[in-house]
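Encoded as structure tokens, the structure appears first; notes follow it.
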Amino acid sequence: MADELRLVFIIIGALVLGALLLHGLWTVRKNSGQPRHRYYDEQQPDSTEKADGFDDFGVGQVRVVKKGNAAEKPSAAKSVAKTEPLKRPEPQKAVAEVQTELAFDEPKEPELNFSALSEDELQQPAFEAPAEQDEPAPAAEEPAEVLILYVLLPESKDMKGPDLLSALLTLGFKYGEMDIFHRHLDSAGSGAVLFSLANMFNPGTFDLENIEKLSTRGVSLFMTLPGPGEPLQNFNLMHNAAKKLAEEFGGQVLDGQRSVLTVQTVRHYVDKIREFQRQRLIHG
């Protein structure tokens, strides 16, 4: 099959080449009888032929030019001159008119627009002298740090109200403000509050009149800095009270993040108290 297609293509190519050759020969023969230049005049005599009235040296007879023939030439020139000259496009007057109408106004100073402001704001002075005020009374010093410890019992155990009250009284706590227990500077229950103890669960307080009905699984002890006395001693008292309650009721002492209190956590509390004291000395 491939050989047959090749043979067909060869035959077609030969025919095309032959046709091109014949067409070229026919074109050459056709153009041989035509003038060599499109401006060539067939009727023009051969250059070798002698012109009438000229000798072998190209000198002709003397001719007399009449005035009529001379007058014809200027007329031809006049006719050529009479031809209308090319009209040049007139310049557009509209552009010139527009340019003449343009006027340069004198520069004006920019005007400020105050329409967005109310009359009260416009009349209000830019700066006002601060009104004289009485010096406020110094506010009570707020606690900057709160140290918290928790005593939490397992789910199978709880603290009964009477037992808890007996243990707290033994540790020197006294029932007082906010319906919670406080450890005062004096173990007899007088003086400033060193730290306090609240119910870990709702409502967070203790009802002393119904203490027999109380049952809770945990209590929270907290102290504030700055406080009365020596902060490190106050923290040791609170830590010892938490450990004794945990031993009494079979619970665990937790830190402020409610994780088991470790020796490292206790050192962290101590470092925090010392840093607080140092910053207080620096800032007065």
Side-chain angles (χ1 to χ4, degrees), residues 127-153 159 164-165 167-206 208 216-284:
F127 299 95
E128 294 182 357
E132 296 183 358
Q133 298 179 356
D134 297 335
E135 294 183 0
E141 189 176 8
E142 297 180 357
E145 288 285 348
V146 179
L147 307 180
I148 303 175
L149 295 177
Y150 298 99
V151 177
L152 182 64
L153 275 61
M159 302 177 187
L164 179 60
L165 178 60
L168 294 178
L169 293 176
T170 303
L171 293 173
F173 285 91
K174 183 179 180 181
Y175 187 78
E177 296 180 356
M178 297 183 291
D179 296 336
I180 59 176
F181 290 90
H182 305 279
R183 176 64 167 84
H184 294 267
L185 187 60
D186 187 2
S187 58
S190 60
V193 175
L194 302 180
F195 54 91
S196 303
L197 182 143
N199 193 349
M200 189 175 175
F201 299 91
N202 288 330
T205 58
F206 301 97
L208 195 60
T216 182
R217 287 184 48 236
V219 293
S220 59
L221 296 87
F222 57 93
M223 62 175 290
T224 59
L225 298 176
E230 182 63 29
L232 286 175
Q233 294 180 0
N234 297 341
F235 177 76
N236 286 332
L237 288 174
M238 185 176 72
H239 183 208
N240 291 333
K243 289 192 297 182
K244 289 181 180 179
L245 289 173
E247 293 174 0
E248 180 72 19
F249 295 99
Q252 286 184 330
V253 180
L254 308 179
D255 60 9
Q257 305 298 325
R258 298 192 179 183
S259 300
V260 177
L261 187 69
T262 61
V263 177
Q264 184 177 0
T265 310
V266 173
R267 291 177 181 173
H268 176 69
Y269 276 113
V270 173
D271 293 339
K272 183 182 293 187
I273 294 171
R274 289 176 177 172
E275 178 64 20
F276 178 81
Q277 290 177 323
R278 189 179 69 86
Q279 292 293 333
R280 194 178 181 188
L281 290 174
I282 293 174
H283 298 289

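- With contacts defined as side-chain heavy-atom distances shorter than 4.5 Å, the pair Phe173/Leu221 qualifies.
- You'll find the side chain of Leu232 reaches within 4.5 Å of the side chain of Arg274, heavy atoms only.
- For Lys272, the side chain to side chain contact (heavy atoms under 4.5 Å, CB included) criterion is met by Glu145, Leu147, His268, not counting sequence neighbours.
- With sequence neighbours left out, Ser220 forms a side chain to side chain contact (heavy atoms under 4.5 Å, CB included) with Tyr150, Ala198.
- For Tyr175, the ring-ring contact (aromatic ring centres under 6.0 Å, His included) partners at least two apart in sequence or on another chain are Phe181.
- By the 4.5 Å heavy-atom criterion applied to side chains, Leu171 and Leu197 are not counted as neighbours.
- With a 4.5 Å cut-off on side-chain heavy atoms, Thr224 and Val193 do not count as touching.
- Scored by the side chain to side chain donor-acceptor pair (under 3.5 Å) test, His182 finds Ser196 as partners (sequence neighbours excluded).
- Take Glu275 and apply the side chain to side chain contact (heavy atoms under 4.5 Å, CB included) test, not counting sequence neighbours, and it matches Arg278, Gln279.
- Listed by chain and number, the residues in a ring-ring contact (aromatic ring centres under 6.0 Å, His included) with Phe235 are Tyr269 (sequence neighbours excluded).
- The shortest non-hydrogen separation linking Asn199 to Gly218 is OD1-O, 3.3 Å.
- Atom CG of Leu169 and atom NZ of Lys174 lie 11.0 Å apart (nearest 0.5 Å).
- Listed by chain and number, the residues in a side chain to side chain donor-acceptor pair (under 3.5 Å) with Thr205 amount to none (sequence neighbours excluded).
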Less than 3.5 Å apart, which donor and acceptor atoms pair up between the side chains of residues 247-257 and the rest of the protein, not counting sequence neighbours?
| from | atom 1 | to | atom 2 | distance (Å) |
| --- | --- | --- | --- | --- |
| Asp255 | OD1 | Gln257 | N | 3.1 |
| Asp255 | OD1 | Arg258 | N | 3.0 |
| Asp255 | OD1 | Ser259 | N | 2.7 |

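- One finds the CD1 atom of Ile273 at 9.0 Å from the CD atom of Glu230 (value rounded to the nearest 0.5 Å).
- In terms of heavy-atom proximity, His184 sits nearest to Gly191 at ND1-O, 3.0 Å.
- Looking at every heavy atom in both residues, Ala242 comes nearest to Leu149 through CB-CD1, 4.4 Å.
- Residues satisfying the side chain to side chain donor-acceptor pair (under 3.5 Å) test with Asp186, not counting sequence neighbours, are Ser190.
- The side chain to side chain donor-acceptor pair (under 3.5 Å) test applied to Asn234 returns no partner, not counting sequence neighbours.
- Nearest heavy atoms, Ile148 versus Phe222: CG1-CB, 4.0 Å.
- To the nearest 0.5 Å, atom CG of residue Leu164 and atom CZ of residue Phe206 are 5.5 Å apart.
- Considering all non-hydrogen atoms of both residues, Met223 and Pro231 come closest at CE-O, 3.8 Å.
- With values rounded to the nearest 0.5 angstrom, Ile180 atom CD1 is found 13.0 Å from Leu208 atom CG.
- In plain terms, the two heavy atoms of Leu261 and His239 that are nearest each other are CD2-NE2, 3.5 Å.
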